[in-house]
Amino acid sequence: MNRAYDKSARLVCGALDIDLAELNDWNCCGASAYMAIHELRAHLLSARNLAIAEKEKKDLVVVCPACLTTLTKTNHYLAEDSRFKRTIGAGLKAANLQYWGSVKVRHLLDVIVKDIGESEVKARIKRKLTGLKVAPYYGCQLTRPFGEIDDKEFPTILDTLLKWIGTEPVNFPLKAKCCGGLLMMTNEDVALGLNRNLLDCAQQNGAECIATICPLCHMNIETYQGDVNKMFGTNFRIPALYFTQLMGLAFGFSRKELGINEELIQSQGVLEKHLEVIR
Amino acid sequence: MVIDLTERFEPKIVGFLCKWCAYTGADLAGTSRIKYPPNVNAIRVNCSGRVDPTLVLKALSAGADGVLIAGCHPGDCHYTNGNVKTIRRFKVLQKMLDQFGIERERVRLEWVSASEGERYARIVENMTEEIRALGSLNWKAKLEVVA
Amino acid sequence: MAEKIGVYICHCGTNIGKTVDCKAVAEYARLLPNVVVARDYQYMCSDPGQEMIKNDIRELGLTRVVVASCSPLMHEPTFRRAVESAGLNPFLFQMANIREQCSWITENRELATARAKVIVSAAVMRVNFNEPLQVQKVPVNPNVLIVGGGITGIEAALQIADSGKKVYLVEKEPTIGGYMARFDKTFPTLDCAACILTPKMVSVGQHPNIELLSYSDVTDFSGYVGNFTARIRRRPRYVDEDKCTGCGQCEQKCPLSVPSEFECDLGKRKAIYRPFPQAVPSTPVIDREHCLYFTKGVCKVCQKFCPRGAIDFEQEEKYVDVQVGSAILATGFDLFDASRIKEYGYGRLPNVITSLEFERLTHASGPTAGKILLKNGKPPESVAIVHCVGSRDLNYNEYCSRVCCMYSLKTAHLVHEKTEAKVYEFYIDMRAFGKGYEEFYKRLLHEDVTFIRGRVAEIADVPQNPSEKGKLIVVAEDTLLGIVRRVPVDLAVLSVGLEPRRDVVQVAHTFRISRSKDGFFLEKHPKLAPVSTAGDGIFIAGSCQGPKDIPDSVAQGAAAAANVLSLVDRKEVELEPTIALIQEESCSGCKICIGLCPYNAISFDETGNRAVIAAALCKGCGVCVAACPSGAIEQQNFTGPQLLAEVEAICAQ
Amino acid sequence: MTKPKVAFNWASSCGGCDIAIFELGTKLVDVANKIDIVFWPAVFDYKYSDLEAMPDKSIDVAFFNGAIQNSENEHVAKLLRAKSKMLVAFGACAYCGGIPALANTTNRDQIFASSYLETPTTDNVEKVLPQTKVQVEEGELTIPEFYNTVKTLDQTVDVDYYVPGCPPVGEQVSKVINQFVEGGLPPKGAVLGASEKSLCHECKRVKTDRKITKIVRTYQTIQDPEKCLLEQGIICMGPATRGGCGSICLDANMPCRGCYGPLPNVIDQGGKMLSALSSVFDADTEEDIQKLADSVVDPIGTFYRFSLARSLMRRTKP
């Protein structure tokens, strides 16, 4: 299902004339677990990506908020802590790399809304998604802890984009609440509870599907709906779609191209109600 | 921890601090007992706009490893815009120092308000570290060696 | 002839002595050129310390003195006076700061001592080049400018005016009174704010020595201590203050109602209005943005009904200049904008209100005539009071706003008194430090208020069980019980903190004063000069310096007044002679300096083909000195040779 | 009265200073009549051995032009110092380093590489570089050692007076020589043949608004001959340079390059000019200021064209 994110993001970027170039020899950002086990090494991983990007004179665009947070955190530390900078510098030197701190790290959503803008997005719309009620789900990492993209607790940037492509973002007060994250593996009860709150809130507010920007959120929402239903006696069947998939639909790409129908909870029925081709 | 003085290179940095903001900020760092490297020796001036680039050149040629000019944040100058004139001079000076082969880390223009003791300490710490990594400038002695 | 320099190293008790080997520094200083005596002593600023210097000047014939101790901002005047009393020009003294920028910044005795030596040698080398200077004395204009007509400004104005001095009181709003005029009761005594404030407002309005300039602001402030010029912008009220009697006819007849700012938009006012009935001055003001005449070109009903013909639609903004010798800034605070904390839902959830809105709701002459009601008109069954909104929070303001705990208790008391509602207070720490404050807290503890110790995480409207349906759910970790609590309520009152006013940057620029890290105006010394600023003759009082309650604000207003009166009665002040001078024979007339002076102190003498500095206008920034390509301009006490000597001494080590 | 014995020497310089003396034209005859020239290699055939043979302090005044860039320059400087009662640094090179001192922005190895290996017209297959000693059949040949850093005369030997200019203007030269012949010399260390004020003092161009909105080089603009060049965006060293030359460059629509050296109260000509120029930039934001600063190409070559050796830094990073 994450392949769908990759596919759809590339298609959407192509349509918007965003020239994406895959970073040469990139490595894991060092997120989550590694940060907790060995912080310095995790930062080194992240700094390596930054250094390669700088060498190639590129800024970084990521679609995963965990990558975003890690890379941004490394960037911040490097700018503020000269000792840290020297340590990282020594590590990079071992790999024949150096990093001066010039690389900007952005999330694709941020780039599309702030740099590309409303008129460019709207100009590419080929199908209407009118009336499709979507719960805009941001998850916990897009805006936290830096808040550079939007308000940390109550972001609206995805709502804005969803409106541009003709959908109807519903009131979704839990939009930046936790999906359960990795707790799904260590403390499933808690994670399922959090998940239920999200699904319940989306349903109460009339959402037909949930728009996501984070692969982990997406997985938790989709994969565990059955478990939630079992545990709480509920009957949720709310499909989750990446924001790029929704954009891709509006831009006229086929469902197959966008990886729609690969999901566990089929969105077909919901989408068919609203999709119409602009003639 | 005992610091071995013989081992570590202690950069000698001349600081020109305006009395309204930066000097007061540096005082505040002390009053707040913030610990930072004692490598900047402050010269108090009324305004960073008094800092003739000649003074910077004098310091560098006389044996300083770095020079810090610190004044009020732009817009906060006690003399309206003295610090703007400092920026004008600094930008050209920086270009000339590039030509002289003096690393940019050695000569810095920073803004420190009267309440930014913490910031002042951080700037000095950062600058000291960076110059320590670069090593001694020692212009005067080296001039004689390469004659 | 070689100078005879005396060097004095102060231990400052252990403040310096603990990290700097003062004896070693004195021994080192003794070997510096021209130094004839170098001593160390426990407290140089003490009487015996000063006597030591004076004796040496007399007996050893010292021509220069260096004291290495604290920052010159602390004791430079002390030592200058000491040196002067022994017959030496005070500018032949040089201070070396080995405390704030040396002994206090490191624990490494070796490094600190080495650094102290450098600092002392720089001062010694420099003092050789110091020159005797004469301070200029200028008379003090006895008139005083006070900016801000809240309780602080009112107090200061009355104190000064009562002593017979002229006060110009500038207020931005149409009326004086400030925030206090909008409060219902005041803590901890629960006396009515209006009852104690309005008599003072009336006194201001009627005082022969106070010229009240309301609906005005200061756009420029120039000059120097004792001799300032303030340019005041008077915005047009469209009502002639001299003709208007404040009868209120116009307000009654005005056909247009708009939300009232004074009532936090909870109530209405007319397009011609006084913010509240007891406003001073009582002259109303026309709100140009809404007034039908200004927006549509028709109406003029107020003009028709005004018995005095005071309405003047042609009034224009005008500027007046006033000459004053000193100024007090009492510009107050702004409330934290609660909508910034999105998770509290202010602006999104209708029954989340701020404490000021609560004040208006509970005020007898407020929009609900004193009834505490929800947006649907019903009384609340439960109320949460949320402390520290925008305060003690690294995301917003790190500082404590000082007044919120107490006014939150007052809020709880009023809710309890006027409704049947269950009251919850969510606090981090209860801070009740003033006279009678702890007692007030005790009283509330017995008034059946539920105190929950925990910072509120969010105010949600997503129910998780039936009891939460249709309620606001206040979520907080109860740190006394160690559990997360979800408390359903009908009304949440956000105890918003105090912030610097939105225009604080602009005002700081106008008056050229600094601000502290929190954004409020910076006092000269937090303990010993709390109402002075780095700008001589400019004082600050009340919440523009930091959050304050009413008693503290009034005390500061009076303190600032005392400072001003002391300055005025001195009749003259001394000016620092650190001005720039042009050496006539060196000036080439290149004109580089002419446009650089921010005070237009430099002019060009066409016949002499050279630049001339007007000494009285020069403030000593030294910009022209640094720029002069002929080296023809010198700044007194900051001459090229003096600064070069310092540089050389530092680099020579 | 015996005529004063005078020596002229040419060290590291273009020779313009010697020409400047010829420029006196018919006055040269008057001058020559008043003095007794004992050493002038540019004009007559003198050997250094002649100089070495003279008794110490036997020359009354030696005019030394040129900077010290090699061991020969240094040797002659020391020799003339010993043989003369008074030594005069004559011209910008001896006084401040002059154009040769711009070599201080590089070093010997780079200069050799550029001169003997890298220039397209050089045909040096064997990559031969100058050696101070070389063995040939006939014996050992030597040439002077080339120094890394160019020095002024007074950085090498004690100097009594200075005459600035590249070259000193003729009128000033005859005045100076007369001062030595007829007396009236100021105390030792003084600068002769120049004004105590900057060139702006004697410049006839109109100065109005000291605001620099752009910086251009001379070929990029058509100059207004009446207006101050700085105000037209051309960097003119006039404000930071001694006058006395008669502002001849300005009369020819060219900016002052600073050859008369720093003003009496100034220790570093380039630093002062940098400060004066940038202070009047008509830019207040960091971005605008940066743009103007970027348009100052080659600050060292502009501000220290003639005075790098006499500046505080003296050369680029050693």
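In what follows, chains are A, B, ... by sequence order, proteins preceding strands, each numbered from 1.
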Step by step, would you call C:T219 with C:T510 a side-chain contact (heavy atoms from CB on, under 4.5 Å)? CA-CA 7 Å; C:T219 57; C:T510 303; over 6 Å; no

Counting heavy-atom pairs closer than 4.5 Å to chain B, which one of [options] comes out on top?
options                        : value
C:A508, C:A112, C:P598, C:A122 : C:P598
C:S514, C:C624, C:G535, C:G620 : C:G620
C:V505, C:N637, C:T106, C:N15  : C:T106
C:L522, C:D518, C:L643         : C:L643
C:E100, C:R99, C:M74           : C:E100
C:R126, C:H509, C:E648, C:K619 : C:H509

B:F90 backbone acceptor or donor facing B:Q94 side chain under 3.5 Å: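 No; judged by distance alone, with no hydrogens or angles, the pair does not exist.
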
Whether over 12 other heavy atoms sit under 6.0 Å from [X] [atom1]:
X      : atom1 : value
B:K35  : NZ    : yes
C:Q583 : CD    : yes
C:K117 : NZ    : yes

Chain B contact via [X] - side chain, backbone, both or neither, heavy atoms under 4.5 Å:
X      : value
C:C102 : neither
C:A580 : neither
C:R515 : backbone
C:E646 : both
C:I513 : neither

Are the charged groups of C:R80 and C:E576 less than 4.0 angstrom apart, N to O?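 The answer is yes: the pair qualifies as a salt bridge.
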
Between B:E125 and B:R122, is the closest basic N to carboxylate O distance under 4.0 Å?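 The answer is no: the pair does not qualify as a salt bridge.
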
Smallest separation among heavy atoms of [X] and [Y], with atom names:
X      : Y      : result
C:I538 : C:F511 : CD1-O, 3.5 Å
B:H78  : B:C72  : N-SG, 4.3 Å
B:E110 : B:R119 : OE1-NH2, 3.6 Å

Which atoms of [X] come close to chain C, meaning under 4.5 Å heavy atom to heavy atom: side chain ones, backbone ones, both, or neither?
X      : value
B:S48  : neither
B:N81  : side chain
B:K58  : both
B:R44  : both
B:V45  : both
B:F16  : side chain
B:I43  : both
B:L137 : neither

Go through [options] and name the one with the most non-hydrogen pairs under 4.5 angstrom from chain C.
options                     : value
B:R33, B:E118, B:K19        : B:R33
B:A26, B:C18, B:G82         : B:A26
B:A42, B:P53, B:C47, B:C21  : B:C47
B:V124, B:L55, B:V14        : B:L55
B:G49, B:A59, B:S113, B:C77 : B:G49
B:A29, B:S115, B:G117       : B:S115

Under a 3.5 Å cutoff, is there a donor and acceptor pairing between the side chains of C:S222 and C:R231?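 Short answer, no.
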
Can a side-chain donor-acceptor contact be found between B:N39 and B:D65 if the only test is distance below 3.5 angstrom?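 Short answer, no.
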
Given B:Y120, which of B:L17, B:I34, B:L28 fulfils the side-chain contact (heavy atoms from CB on, under 4.5 Å) condition?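 Looking at B:L17, B:I34, B:L28, the match for B:Y120 under the side-chain contact (heavy atoms from CB on, under 4.5 Å) is B:L17.
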
Taking the six-membered ring for Trp and the full ring for Phe, Tyr or His, determine whether the centres of C:Y399 and C:F520 are under 6.0 Å apart.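 Ring centroids of C:Y399 and C:F520 are less than 6.0 Å from each other.
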
Between C:T578 and B:N46, is a side chain to side chain donor-acceptor pair (under 3.5 Å) present by the stated rule, with each step listed? CA-CA 9 Å; C:T578 55; B:N46 277 3; 3.2 Å; yes

